[in-house]
Amino acid sequence: MKINEFNWKIGGEAGEGIMVTGLIFAKSCAKLGLEVFNYAEYPSRIRGGHNCYQVKAQDKKPVTAEKEIDILVALNKETIELHLNEMSSEGIIIYDSNLKDLSINFEGLYPVPMEEIALKSGGKITKNNVSLGVTAAILDMPLDAINLSVTKAFKDKGEKVLHMNLLAVKEGYDFVQQNPPKKRSCIVNKKEFLKKYVMTGNEAIALGAIKAGLKLYAAYPMTPASSILHFLAPLERKYRIVVKHTEDEISAILTAIGASYAGIRSMAATSGGGFSLMAEALGMAGITETPLVIAECMRPGPSTGMPTWTEQGDLRFVIHASQGEFIRIILTPGDIAEAYHLIQVSFNLAEKYQIPVILLSDKFLSESSESIDDLKQLDLPKERGKRLKEVPQNYKRYDLSVEDGISWRAFPPSPNGMHLANSDEHDEYGLVTEESELRVKMVNKRMKRLEHIKSDVPKPVLYGDVKSDISLIGFGSVKNPVLRAIEYLKKEGISVNYLHCLCPHPFVPENYYEFVKSAKRLICIENNFFGQFAGILQENLNIRIKEKLLKYDGRPFFPDEIVDYVRKGG
Amino acid sequence: MKINEFNWKIGGEAGEGIMVTGLIFAKSCAKLGLEVFNYAEYPSRIRGGHNCYQVKAQDKKPVTAEKEIDILVALNKETIELHLNEMSSEGIIIYDSNLKDLSINFEGLYPVPMEEIALKSGGKITKNNVSLGVTAAILDMPLDAINLSVTKAFKDKGEKVLHMNLLAVKEGYDFVQQNPPKKRSCIVNKKEFLKKYVMTGNEAIALGAIKAGLKLYAAYPMTPASSILHFLAPLERKYRIVVKHTEDEISAILTAIGASYAGIRSMAATSGGGFSLMAEALGMAGITETPLVIAECMRPGPSTGMPTWTEQGDLRFVIHASQGEFIRIILTPGDIAEAYHLIQVSFNLAEKYQIPVILLSDKFLSESSESIDDLKQLDLPKERGKRLKEVPQNYKRYDLSVEDGISWRAFPPSPNGMHLANSDEHDEYGLVTEESELRVKMVNKRMKRLEHIKSDVPKPVLYGDVKSDISLIGFGSVKNPVLRAIEYLKKEGISVNYLHCLCPHPFVPENYYEFVKSAKRLICIENNFFGQFAGILQENLNIRIKEKLLKYDGRPFFPDEIVDYVRKGG
Amino acid sequence: MKDYPVYNTYQTPSWCPGCGNFGIWYALKNAFHELGLNNHDITMVFGIGCSGNLSNFLKVYGFHSIHGRTLPVATGIKLANHKLNVLATSGDGDGLGIGLGHFIHTCRRNIDITYIIHDNRVYGLTTGQTSPTSPKGFSSKSTPFGVIELPVNPVALAIISGATFVARGYSGEIDHLASLIVQGMKHKGFSVIDVLQPCVTFNPSYSYAFYNPRVYKLEDTAHNPQDYENAIKLAMEFNDKIPIGIFYKTERETYEQACIELGENPLSEDDIENISIEDIIDDLLA
Amino acid sequence: MKDYPVYNTYQTPSWCPGCGNFGIWYALKNAFHELGLNNHDITMVFGIGCSGNLSNFLKVYGFHSIHGRTLPVATGIKLANHKLNVLATSGDGDGLGIGLGHFIHTCRRNIDITYIIHDNRVYGLTTGQTSPTSPKGFSSKSTPFGVIELPVNPVALAIISGATFVARGYSGEIDHLASLIVQGMKHKGFSVIDVLQPCVTFNPSYSYAFYNPRVYKLEDTAHNPQDYENAIKLAMEFNDKIPIGIFYKTERETYEQACIELGENPLSEDDIENISIEDIIDDLLA
Ligand SMILES: Cc1ncc(C[n+]2csc(CCOP(=O)(O)OP(=O)(O)O)c2C)c(N)n1
Ligand SMILES: Cc1ncc(C[n+]2csc(CCOP(=O)(O)OP(=O)(O)O)c2C)c(N)n1
Ligand code: SF4
Ligand code: SF4
Ligand SMILES: [Mg+2]
Ligand SMILES: [Mg+2]
């Protein structure tokens with residue numbers, strides 16, 4: 001019997017409200033102090049097609065999406081067929097007793113007359129909530145936790161609807177009391193309500209951006225970045241943030257650059273396809289030394305690829321996008337805390353060094369949600385860099401004499417501050433030049449910032465002991481699966497550590513040498529085909545990455561897969 | 001006294017016809033059997049601003065642009081001021097005796113009343129040709145060679161204009177006969193006329209493409225790629241090639257892809273900025289397995305940068321452009337022969353492997369011209385890959401069973417050939433899928449081609465002895481300067497070899513191991529800031545590139561600079 | 001309305017029940033049938049969006065391209081083989097938002113392609129943001145306080161920009177739409193058909209119930225499709241009465257005709273084995 | 001015409017002698033002077049082309065952006081600080097070729113920016129290829145056999161798409177052009193001024209000699225700029241007679257006004273030190 005740990009999944013047709021139900025359940029768990037990680041799968045279509053939402057709940061972090069299901073709520077037959085092979089042998093499948101022609105051989109089948117109960121409670125539409133009541137009873141969870149979340153979710157729908165739904169929960173719960181399952185493999189023994197947030201990576205990014213002083217957000221919808229837009233748009237009046245759905249991604253990035261030139265913190269977000277369209281303007285931010293923050297939420301490519309799935313295939317692209325050479329920083333958060341924190345870091349670094357900063361996420365991080373206790377300790381003081389309030393006479397925007405390569409910014413309409421932000425190579429005022437020596441000086445000035453940046457970017461974080469049997473290295477959203485796998489392996493007596501890269505570019509070799517040198521067996525783990533991060537390690541560390549654990553089927557890593565790979569040897 | 005070797009330069013204001021005059025002179029030299037390399041510098045503006053054109057002529061290749069000038073034709077004072085420091089101590093500066101306030105201390109000043117002679121010959125406009133006559137006399141070149149080129153250049157302008165210009169040449173020549181210069185440092189002793197072509201890199205690319213069966217060319221003007229468009233446009237009727245100046249680069253690449261889908265060889269060309277806009281569609285060619293040839297002619301970035309100058313700053317960008325992962329080939333010709341040849345290779349590889357191929361040039365290669373004896377031996381048989389004439393029933397465009405990963409193409413309107421070229425991940429018919437296993441199979445199928453490609457791409461070429469004191473490695477247009485520098489160093493007793501990379505991606509380590517292993521002192525030479533090619537070597541060869549010779553002022557390498565660097569030690 | 005499953009693939013449409021895309025799907029199949037076209041006689045380019053998903057349900061030569069870029073791809077296909085029947089479709093975001101530039105430039109060219117805009121006045125596939133044809137005030141995920149720009153007018157823009165066949169259809173009138181597609185495909189030149197397409201999920205205000213009482217057919221009026229000025233005037237009408245049918249139709253040299261190099265035979269039939277460049281390189285002789 | 005060198009930078013214009021860009025340069029300086037603007041009161045965005053080189057010759061807050069993209073940059077600037085006087089300029093290739101989509105979408109927004117199109121009907125800086133306003137048949141480096149598409153009509157497109165001040169100026173009439181710029185800048189909303197700009201080097205057929213006898217001023221006619229239909233009709237006139245002046249002018253809420261969040265004070269003056277997100281994260285509480 002597992003206490004306070006289980007993997008719950010609900011599946012059905014798109015449009016059946018699966019995401020809403022899943023989140024209600026996840027919040028109920030979090031309210032009881034459980035740590036949750038919620039992962040959804042859905043196809044790139046609006047209705048029909050199989051959707052599912054899974055909640056992994058545990059006493060402690062790290063928590064992540066796992067393959068083996070303890071409780072499956074199947075709203076249709078397809079769900080059972082698709083996920084039967086994921087069931088734990090002790091698991092329970094909750095489904096509607098009216099499902100026909102079910103010839104499935106599985107011990108833990110637990111039919112419930114869900115539709116019937118729903119109709120009794122006030123309408124078919126409450127069916128999902130019946131399943132929540134059933135789940136609570138099976139897990140022996142306090143019903144109050146579910147009721148609270150349901151109440152929050154339906155409070156704006158009117159008294160009647162709310163009542164209906166609460167009734168459905170209760171009826172589901174009571175049904176189990178009267179018809180207890182043959183066995184239970186997991187139980188929740190928490191009773192107290194605690195303060196916990198549940199949010200997606202994109203929500204964390206949006207929140208962090210607001211906190212960082214975002215004043216203009218420009219974007220063109222693209223999965224899995226769109227929810228940042230959806231989150232920010234209703235807040236534009238409250239926070240005085242201009243939120244614009246522009247005509248395309250080209251316009252989005254340029255609008256953000258224009259706004260930044262005029263002095264405010266701005267951002268644009270997109271996925272790989274939209275980022276392709278932003279490539280040209282990225283270099284313009286580079287040469288004009290305009291701060292810029294871009295969030296790029298990856299999905300599997302190439303091209304349109306698999307719009308609603310996950311991959312880490314754009315790493316090299318964001319590092320090298322746009323013609324010519326300029327400094328940019330890539331930050332790769334691995335969970336929501338890092339997302340919230342690193343977007344703030346992005347704004348600071350962008351302004352401090354007057355460069356573009358790209359926060360690289362993926363569908364797994366952007367759209368999965370996670371529990372978190374508090375955000376406050378992740379906040380950062382603002383570093384706004386060299387901004388002039390009063391501009392001296394003979395002001396030079398691209399002053400070559402600055403030692404750190406960072407010259408002072410002036411903003412319209414400050415008297416004396418006139419200058420040209422020029423996409424052409426330019427002199428200290430920004431006016432065009434094609435002269436050989438000045439060109440070299442300007443390039444050198446811009447590049448000089450690199451030295452300072454290298455000591456200012458987030459360092460990789462080591463999880464586990466320096467001396468371990470096995471060493472994993474990766475970036476971004478592989479973090480949770482890896483950390484969870486490490487726990488499993490520890491139980492088996494295999495010690496594994498993990499170096500979590502938060503800034504793959506500019507790559508700072510010094511931060512990796514020790515780890516790499518002391519690794520007995522080094523495995524680079526990435527959600528892509530080529531092993532792009534491994535390539536970066538090879539390029540910069542003068543090593544050969546002999547083992548790469550790669551995955552490119554659109555799904556995130558599940559801890560089991562990592563465990564299996566590590567166990568079976570390189 | 002140098003026999004059959006000199007560096008001649010003409011300079012003046014934009015709009016003074018410097019390019020035309022320079023090319024006439026270059027062709028005269030080539031007609032006499034000299035090998036020439038002609039390099040022009042001009043600013044990004046239409047009139048005014050300093051332009052110059054230099055002709056390096058020699059008995060034998062390698063020939064390239066060199067810094068030290070033997071003969072300078074200065075059409076204005078600025079030219080003398082700007083280029084005085086480049087003059088060989090033995091050199092001659094030819095300029096108009098009417099230039100005022102010339103307080104220059106240089107032995108080889110050779111004033112000629114050019115404007116006066118021009119007016120006498122029929123018009124000020126013939127002034128440049130006066131300078132050609134003067135040059136010929138100083139070099140002791142047969143006047144006929146000049147006359148022939150002038151005649152070719154002006155034959156369409158009418159008898160009168162032609163006569164005027166020929167007269168100007170003659171008068172210039174005669175002037176020197178009557179006023180011989182104090183000394184001559186170079187002399188041409190060739191008298192016979194030989195068959196030689198003089199063409200730019202872009203002309204070679206365009207010619208090679210025509211030869212390869214180009215049927216559609218789509219482009220948006222962008223220096224230094226535009227001259228491909230200008231060369232092809234007048235030929236569209238003669239060769240039945242649709243040549244389209246599209247509304248932007250996005251449209252250019254997509255038009256080319258559409259045309260390729262329908263079965264013809266198509267191409268688009270641009271520079272880095274336009275290539276940025278093509279990034280998204282590149283991946284579409286990747287996932288739909290549509291052959292595509294793109295010529296990317298680099299100029300210094302970032303962004304608009306220095307539009308009329310040279311750099312090799314887009315290497316990493318073209319390798320990684322577009323979201324997600326797919327195969328592409330990058331080919332990097334170093335001279336016009338390679339440009340002509342490799343564009344043909346591009347079309348073959350694109351069709352054979354159904355992938356995008358990018359021919360990467362730069363301003364130095366694209367716009368400089370060179371002499372060449374013959375193109376025929378560079379021609380290639382056409383490999384058109386798996387194209388179905390008759391399509392069997394139940395045709396699968398993305399047949400997974402093909403062992404080499406290359407499935408058969410069918411073209412509209414072949415009966416049975418219907419399929420979907422889909423930017424979404426797809427099944428064997430091209431219809432969308434989001435299924436995990438099929439996704440993996442499709443990625444694997446597409447990637448399987450990589451093995452075959454790796455043995456099919458052009459291998460790097462070794463110049464010099466395997467065992468040498470010093471080993472240079474580079475790609476693209478550094479070739480000529482490097483080879484020339486090697487000759488100089490040889491004279492000093494320093495043995496240097498050079499490995500010339502023609503295909504930096506996909507990088508085939510096996511082709512480099514031996515060279516790298518046997519190098520005593522390895523220097524990577526590149527026209528950029530970061531040492532992008534060095535990074536590729538590090539990533540793939542498990543070595544540290546300790547020495548990089550980099551240049552990023554918009555100018556190409558001059559052999560002297562390489563010699564100096566090599567000589568002074570690492 | 002009849003159905004012609006011969007044009008179906010093995011996949012069943014994934015659109016929401018009641019989606020206006022079904023009507024377009026049926027209308028296309030009816031039009032193909034009426035024109036007597038085999039599957040392989042049709043080449044069709046799609047964009048990305050709910051509209052683009054159509055690519056999976058029509059058994060023709062298809063190209064499911066990227067968001068906003070159907071027209072350049074279709075242009076490339078048509079130039080490579082100008083004997084093909086080429087159609088292109090876009091969503092309103094796809095074709096009139098991100099792809100607006102290509103639309104107008106293609107109108108200028110009058111290339112013989114039939115272009116169908118699935119105009120549901122919303123971004124469907126990305127789950128309901130505003131589109132360039134959403135009305136002012138439209139509240140959506142990206143514009144919770146309402147759209148503040150004016151909508152684009154695809155009919156007016158097409159006429160002004162040089163398209164030679166400009167029509168509006170309606171998913172709720174499948175036979176009428178099929179007939180417009182037939183006429184558009186028969187027309188020599190760029191034919192634009194903007195289709196009123198209800199999105200039942202994200203734009204319920206432009207439902208069948210909204211359109212049904214409002215649409216009226218231009219062929220039932222005195223409007224002469226050659227009348228440029230009246231066509232533009234009609235293009236501005238979108239209130240209680242919404243005209244469907246042919247707004248404007250004229251004859252002008254097509255792009256392929258103007259590309260003299262194309263002549264009779266398609267480029268795709270050219271033999272490229274032995275191309276001689278002797279003549280031109282002679283110009284490069286020293 | 002007077003000159004106001006206070007607006008000059010240290011660089012001398014690099015345009016060809018006689019280029020129409022000089023007229024625009026002078027007209028801008030005259031307009032700035034007439035409006036009593038200091039250098040720092042002006043923020044101006046430029047594209048890439050001969051027109052864009054103007055960025056180096058005007059001492060103002062400038063942004064020399066990338067080819068075709070002036071309007072989004074200008075929009076970002078205006079939104080960040082809507083008290084600024086923002087101008088944008090483009091070439092015809094820049095603004096009506098590659099950047100056409102942004103143009104129409106910006107017209108829809110009616111943002112208070114003054115937009116000047118240096119319309120020389122050719123690509124100048126890239127040495128003479130066709131542009132979207134080149135006439136049919138125009139022979140250029142990219143179209144040696146003549147242009148085969150119809151030109152775009154920026155005036156008509158602007159009116160149709162929602163710009164609220166649409167005018168045409170002429171480089172050869174500097175005072176008149178300056179007055180249009182003054183009126184455009186005073187106008188609240190998106191003001192578009194298409195300028196007939198001779199390119200003496202690559203498009204000699206549209207020279208001063210061509211324009212001088214043809215241009216006439218709309219203010220000398222009975223045309224009422226509020227008359228939408230007549231404005232469109234006049235926009236089609238480009239033959240022996242070429243109207244310059246204000247084609248269309250109306251009042252409509254500007255984009256900044258409609259962005260309620262902007263209110264009075266510019267965003268750029270907001271203090272961002274202490275932003276509380278307590279309220280919103282409460283929605284994310286379990
Ligand atoms: C470059 C790029 N940006 C964004 C997207 C995401 N995207 C897919 S469909 C779509 C819009 C769909 O709206 P519309 O074109 O109106 O088609 P509909 O779904 O309504 O048929 C968007 C923004 C994309 N695929 N590519
Ligand atoms: C993306 C991109 N494509 C192409 C270019 C090259 N380019 C520079 S200016 C120009 C066109 C200039 O024509 P126009 O906009 O009419 O301006 P003009 O020079 O006539 O003033 C082009 C194509 C570029 N800078 N960027
Ligand atoms: S979202 Fe709208 S357009 Fe898309 S399938 Fe559903 S009803 Fe149709
Ligand atoms: S090329 Fe034309 S537009 Fe450009 S500067 Fe010269 S005259 Fe002016
Ligand atoms: Mg739509
Ligand atoms: Mg122009």
Side-chain angles (χ1 to χ4, degrees), chain C residues 68 75 95-111 130-137 143-164 189-190 228-230 232-233 235-236 250 252-262, chain D residues 68 75 95-111 130-137 143-164 189-190 228-230 232-233 235-236 250 252-262:
Chain C
T75 300
L96 302 172
I98 192 168
L100 184 60
H102 305 304
F103 175 49
I104 295 180
H105 289 297
T106 308
C107 290
R108 295 172 51 212
R109 290 186 188 123
N110 196 34
I111 190 163
T130 186
S131 109
T133 51
S134 302
K136 229 184 144 171
T143 57
F145 303 107
V147 169
I148 61 176
E149 37 265 278
L150 291 185
V152 297
N153 186 326
V155 171
L157 286 175
I159 298 172
I160 291 259
S161 305
T164 50
F190 191 50
Y228 187 84
E229 276 180 31
N230 199 48
I232 293 182
K233 211 176 278 173
M236 304 295 165
T250 186
R252 178 155 65 83
E253 191 184 39
T254 68
Y255 201 56
E256 318 82 77
Q257 286 164 347
C259 288
I260 305 292
E261 63 275 19
L262 289 181
Chain D
T75 300
L96 302 171
I98 191 168
L100 184 59
H102 305 305
F103 175 48
I104 294 180
H105 289 295
T106 308
C107 290
R108 295 171 52 212
R109 291 187 186 122
N110 195 35
I111 190 164
T130 186
S131 109
T133 51
S134 303
K136 228 184 144 173
T143 57
F145 303 108
V147 169
I148 60 175
E149 39 263 281
L150 291 184
V152 298
N153 186 327
V155 171
L157 286 175
I159 298 172
I160 291 260
S161 305
T164 50
F190 192 49
Y228 187 83
E229 276 180 33
N230 199 47
I232 293 183
K233 210 176 276 174
M236 304 295 166
T250 187
R252 179 155 64 83
E253 192 185 37
T254 69
Y255 200 57
E256 317 84 76
Q257 287 164 347
C259 287
I260 305 292
E261 63 275 20
L262 289 182

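Each chain gets a letter, A, B and so on, in the order the sequences are listed, and its residues count up from 1. What you see is a predicted model; the values in this text were computed from it and never measured.
Per-residue counts of heavy-atom pairs under 4.5 Å with chain C were compared for D/P151, D/G162, D/P132, D/C107; the largest is that of D/P132. Most heavy-atom pairs under 4.5 Å with chain D: of the set C/N153, C/V147, C/I98, C/I104, this distinction falls to C/I104. Of the listed residues (C/N110, C/V152, C/I232), the greatest number of heavy-atom pairs within a distance under 4.5 Å of chain D belongs to C/V152. With chain D as partner, the option from C/E253, C/K233, C/K136 having the largest number of non-hydrogen pairs under 4.5 angstrom is C/K233. In terms of heavy-atom pairs under 4.5 angstrom with chain D, the leader among C/H105, C/R109, C/R252 is C/H105.
The contact between C/C259 and chain D is made by backbone and side chain atoms together, counting heavy-atom distances below 4.5 Å. For C/F190, no part lies near chain D; criterion is any non-hydrogen pair under 4.5 Å. Heavy atoms of D/I260 lying under 4.5 Å from chain C are absent altogether.
In this structure, the side chains of D/E149 and C/I111 stay at 4.5 Å or more apart for every pair of heavy atoms. Between C/E229 and D/E229 there is no side-chain heavy-atom pair separated by less than 4.5 Å. Counting heavy atoms from C-beta outward, C/L157 and D/S161 have side chains that approach closer than 4.5 Å. You'll find the side chain of C/M236 reaches within 4.5 Å of the side chain of D/I160, heavy atoms only.
Scanning both residues, C/L150 and D/R108, for their nearest heavy atoms gives O-NE, 2.6 Å. Looking at every heavy atom in both residues, D/G101 comes nearest to C/L100 through O-CD2, 4.4 Å.
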